[in-house]
Amino acid sequence: MKINHLTSAEENLMKLFWKLQSFYLKDVMEQHPEPKPHQNTVSTYLKILVEKGYLSTEKEGRIFKYSVIVPFENYKKFLLKELSHNFFNDSGKEILEFLFNENLISQNDLRTYFDLKIEMKPTKVKAPKLEYAEEILNPKKDKKGKDKKKKKKKSDN
């Protein structure tokens with residue numbers, strides 16, 4: 001089953017629908033937090049979500065009973081794969097680094113999850129090589145002094 005993208009309004013309604021699983025329009029109107037949308041607006045979104053394949057309908061007399069077809073876990077996987085593909089080059093490592101750098105996940109979270117001792121070390125940045133400063137701070141001994149000692153030894157022989 002192909003999962004389609006949802007608008008933010010559709011996604012917000014789906015969050016309620018995932019909690020309800022099976023419901024009538026009146027259930028949505030009762031459960032929706034304030035400010036409640038107009039019944040026609042909700043009805044329009046229900047129709048759209050049925051067309052997109054997120055909900056199914058079953059007619060009971062004059063009213064429809066709606067049921068969720070796409071589980072929340074499947075939608076979450078779909079979004080994470082899209083995010084990974086579009087922003088992290090399909091790399092789990094890049095996602096993990098991002099979460100870690102943004103303090104959205106900690107080393108303890110990782111240890112707990114993997115039940116291992118994992119140490120995340122910050123990437124090492126090579127320090128610039130300061131050749132001139134090195135020469136000034138640590139001057140090399142002149143070879144001239146060594147040459148004099150060699151000359152003395154040769155003259156002694």
Output yes when K93 and E97 qualify as a salt bridge under the 4.0 Å nitrogen-oxygen rule, no when they do not. yes

Has K36 got a side-chain atom pairing as donor or acceptor with H32's backbone, closer than 3.5 angstrom? yes

Sub-3.5 Å donor-acceptor pair from the side chain of D109 to the main-chain atoms of I105, do we have one? no

Give the cluster check for M29 versus I63: same hydrophobic cluster or not, with ILVMFWY residues linked at side-chain heavy-atom distances below 4.5 Å. no

Main-chain N/O of W18 paired to Q21 side chain as donor or acceptor, under 3.5 Å: yes

Run the side chain to side chain donor-acceptor pair (under 3.5 Å) check on E58 and Y66 step by step: do they pass? CA-CA 6 Å; E58 183 183 325; Y66 296 90; over 6 Å; no

Y54 side chain to N4 main-chain N or O, any donor-acceptor pair under 3.5 Å? yes

Does any non-hydrogen side-chain atom of E82 lie less than 4.5 Å from one of H85? no

Any heavy-atom pair between the side chains of I95 and F87 that's under 4.5 Å? no

Determine the minimum heavy-atom distance between F17 and V28, stating which atoms define it. CE2-CG2, 3.5 Å

Look up atom CG in L20 and atom NZ in K15, then write down how far apart they are to the nearest 0.5 Å. 14.5 Å

Any side-chain heavy-atom pair from M14 and V70 closer than 4.5 angstrom? no

State, with a plain yes or no, whether a side-chain heavy atom of L46 is found less than 4.5 Å away from one of L25. yes

Considering only heavy atoms from C-beta outward, does the side chain of V50 approach that of F64 to under 4.5 Å? no

Got a second to check how far L13's CG is from L55's CG, nearest 0.5 Å? 9.5 Å

Within this structure, what is the CG-CG distance for the pair N74 and L79, rounded to the nearest 0.5 Å? 11.0 Å

Would a distance-only check, ignoring hydrogens and angles, find a side-chain to backbone donor-acceptor pair under 3.5 Å from E10 to T7? yes

Is there side-chain contact between E51 and K47, with at least one heavy-atom pair below 4.5 Å? yes

Roughly how far apart are K52 NZ and Y45 OH, rounded to 0.5 Å? 9.5 Å

Between K65 and T57, is there a side-chain heavy-atom distance shorter than 4.5 Å? no

Under 3.5 Å, is there a donor-acceptor pair between the side chain of T41 and the main chain of P37? no

Ignoring hydrogens, what is the shortest heavy-atom contact between S22 and S67? Give both atom names and the distance. OG-OG, 3.5 Å

Closest heavy-atom pair, F100 versus S106, reported as atoms and distance to 0.1 Å, is CE1-C, 4.2 Å

From I48 atom CD1 to T44 atom OG1, the distance as rounded to the nearest 0.5 Å: 6.5 Å

Using the side chain to side chain donor-acceptor pair (under 3.5 Å) rule, take Y24 and E60 through it: C-alpha gap first, then chi angles, then the decisive distance, then the call. CA-CA 10 Å; Y24 299 96; E60 293 184 1; 2.4 Å; yes

E11 side chain near Y75 side chain, heavy-atom distance below 4.5 Å: yes

